[in-house]
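Model, not experiment: these values are computed from the prediction. All chains are named by letter (A, B, ...) in the order of the sequence lines, taking the proteins before the strands, and each is independently numbered beginning at 1.
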There are 2 protein chains.
Amino acid sequence: MAGIGYQPGGVAESVVVSGGYKDDIDYGARIIYTGQGGQLVAGSGRQQVDQSLERGNRALVNSQMEGNPVRVIRGWKGDKDFSPNTGYRYDGLYEVRQHWWERSKDGPLIIRFELLELEGLHFKGESQKVDLGDFFATAPSGNASPERKLFPSGSKIARDPNVTKWVKDLYKNKCQICGIILRTPTESYSEGAHIRGLGSPHLGSDVIPNMLCLCPNCHKLLDFGSIYIESDLVTVVNIVTNESSRLTLKTGHEIDGESVAYHRIHIAGVTKA
Amino acid sequence: MAGIGYQPGGVAESVVVSGGYKDDIDYGARIIYTGQGGQLVAGSGRQQVDQSLERGNRALVNSQMEGNPVRVIRGWKGDKDFSPNTGYRYDGLYEVRQHWWERSKDGPLIIRFELLELEGLHFKGESQKVDLGDFFATAPSGNASPERKLFPSGSKIARDPNVTKWVKDLYKNKCQICGIILRTPTESYSEGAHIRGLGSPHLGSDVIPNMLCLCPNCHKLLDFGSIYIESDLVTVVNIVTNESSRLTLKTGHEIDGESVAYHRIHIAGVTKA
C-alpha cells in the first residue's frame, strides 16, 4: 500500500502507518508521520536527498491548511503497541496539526507531520466506525448548533470542515473584504470566519450563510468588532476610520441577515442599522 | 472599592467582583463580568444608557488584546459559593478571554467580559499566592524553556506576557514585515510571533530575541515558512514570489541568529544561508 493517498492538487485522504519510514513515531492518539520521497531506491529505508513539498507531502499540507482530516490506516509492520498483528486496519480520522522540516537520521531533510486523533479521548487500539460520507462532498449543509467536543488537543468546537472548504474554494482564498491572497509554498491560505461566532456566548451556526472567506487580518478586525456589515448585507464599515467598502459576494453565497445584525450589535456594539 | 482598577490608557490591573452588577455571573474559575457605566445613578443597579468602550472597559479590552492577566478580588456581597463571608479577598490572576455586547436585563447595551482563572485547574475558594512582581515590569527576560501548563481552557504554553508586550510596544503594533497597523475600537492589534516556535517540536525560547511584532497575515506566512529571514538578520525573503524586503528593526531589539537559522531550515525548509 502506498504511504499517502491523495487527490492530485487536492488534500490527502489517507495515510498508511506501517513502519516504512524509520523516522515515524506512533503514540496512538498522536503520530509523527514522515513525508514521502528522498529515497533514491524506494523502500530502501535510506534517505539520500531532501524531501520536497510535492505529491503526497503537498496534499498533507493542504489538509492541514484546510482543516480536512485524513484517514489513518495502520499496517502490521508498524509499532507493536498500536498496530494490528496481520494486514491493515482502518483507525479513524486524524487532524493534520502541523508540519515541519527536520534532518533525517540519514542526514537529508525530511518533512514531518503531527497527526492527532479526532475521535475519542485516547487511542483504543480498535478500528473505529466513522461515517466518511460527509467528507469530500459538495454543498455541505453544516450544523446549525455545533457542539463542543473533547479532542486529544483539548476542548474545541466541532466545526464542519466542508463548510469552511466550500466558502474558501468559492473565493479561491481571496479575502472578501480586502482582496488579499496569502500565498504559501503549497496552496493559498485564508480562513473561514463566522460572522456570529460559534463559541459561547454567541452560539452562532456553523453554516455557509454565517461564514466569510477572510484573510487573518480582516478576520481579527471582524472578531474585534472593528468592522461590521450593514443591513444591506454588502457594505462593510470600519468603525475606527469611518470608511466603508463593499463585501465581495459570489453567486450562491447568500449571507444571513440575522447573523449580520447579531454581529453588529453584540460584537461591534452598534445598534443603528 | 471601585469595580475596575486600571492605568489610564493602559491595561486593567484588577477587578472587584462583589455583586454590583446584576448581570455578573460567577462560576469560580470562570466569571462573566459586566463592564462599568450606564447607570445614571451610580450604584443604583439600574442600567439606563448604553455602556461604552471607555475607562475601565477599554482597559479590560486592552488586557484581552495584550494577553495581560488581571487580579480578581471578590467581595462579601458576591456569589455565596465563591465569595468571602466578610470583606474582600484576593483570588489570583484571571485571563480576559473575550468580550461582547449584550442587552442588560434593563435594556441598554452592556459590555461583558469572560474571565478565566489562570492558576489551578479549578477554583478552590482560597486566596492564592501569586508573585505579581514580574507583571507590569520593563525589559522582561522571558523564559528560555517555557513549560506547558494546564489552564482551565486546556493545555497551552506558559508564555510571559511581558515579552510579547515589550516587543509590541516597541513597534507600536506596526508589523515589522509589511508595516500595517490594525486599528480596533480600543488600541491597535498586533501579535508577538516567535521566530522559532514555542511548542513541540520546535521548543523555541520565549525571549525577546526570538520574537517579532507582526500582523496576523505576516505571522501566518512566517509560521507556514512562506517567508524566512536571511543570515544577515534583516532581509526577508518570500519563497513563493522570490521577492525580498527589509525587516524593520528598532534599537534594542536584536534578533537571535540561531532562531532565524532554525526557522529557515525547519519551518521554511531552506538549507542555504
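Only the side chain of A:Leu109 comes within contact range of chain B, with heavy atoms under 4.5 Å apart. Contact annotation for B:His219: neither backbone nor side-chain heavy atoms come within less than 4.5 Å of a heavy atom of chain A. In this structure, no portion of A:Gln51 lies under 4.5 Å from any heavy atom of chain B. For chain A, the nearby part of B:Ile267 is the backbone; its heavy atoms alone come within less than 4.5 Å. Neither the backbone nor the side chain of A:Ile32 comes within less than 4.5 Å of any heavy atom in chain B. Contact of A:Phe224 with chain B is made through backbone and side chain together, with heavy-atom distances under 4.5 Å.
Applying the salt bridge (charged side-chain N to carboxylate O under 4.0 Å, His left out) rule to A:Asp26 yields the partners A:Arg74; only residues at least two apart in sequence or on another chain are considered. Residues forming a ring-ring contact (aromatic ring centres under 6.0 Å, His included) with A:His266 (at least two apart in sequence, or on another chain): A:Tyr262.
Going from atom CD1 of B:Ile227 over to atom OG1 of A:Thr184 covers 11.5 Å, rounded to the nearest 0.5 Å. Here the OG atom belonging to B:Ser190 is positioned 10.5 Å from the CG atom belonging to A:Asn217, to the nearest 0.5 angstrom.
Within residues 52-62 of chain A, no residue has a heavy atom under 4.5 Å from a heavy atom of chain B. Taking non-hydrogen atoms and a 4.5 Å limit, the residue list of residues 98-106 of chain A in contact with chain B, ordered by number, reads A:Gln98, A:Trp100, A:Trp101, A:Glu102, A:Arg103.
Of all the heavy atoms in B:Val240 and A:Pro185, the pair that sits closest is CG2-N, 3.7 Å. Across A:Pro216 and B:Lys220, no two heavy atoms sit closer than the pair CG-CG, 3.8 Å.
Other residues, nucleotides and ligands place more than 12 heavy atoms under 6.0 Å from the CD atom of B:Gln48.
No other option in A:Gln64, A:Arg112, A:Glu114, A:Arg183 has as many heavy-atom pairs under 4.5 Å with chain B as A:Arg183.
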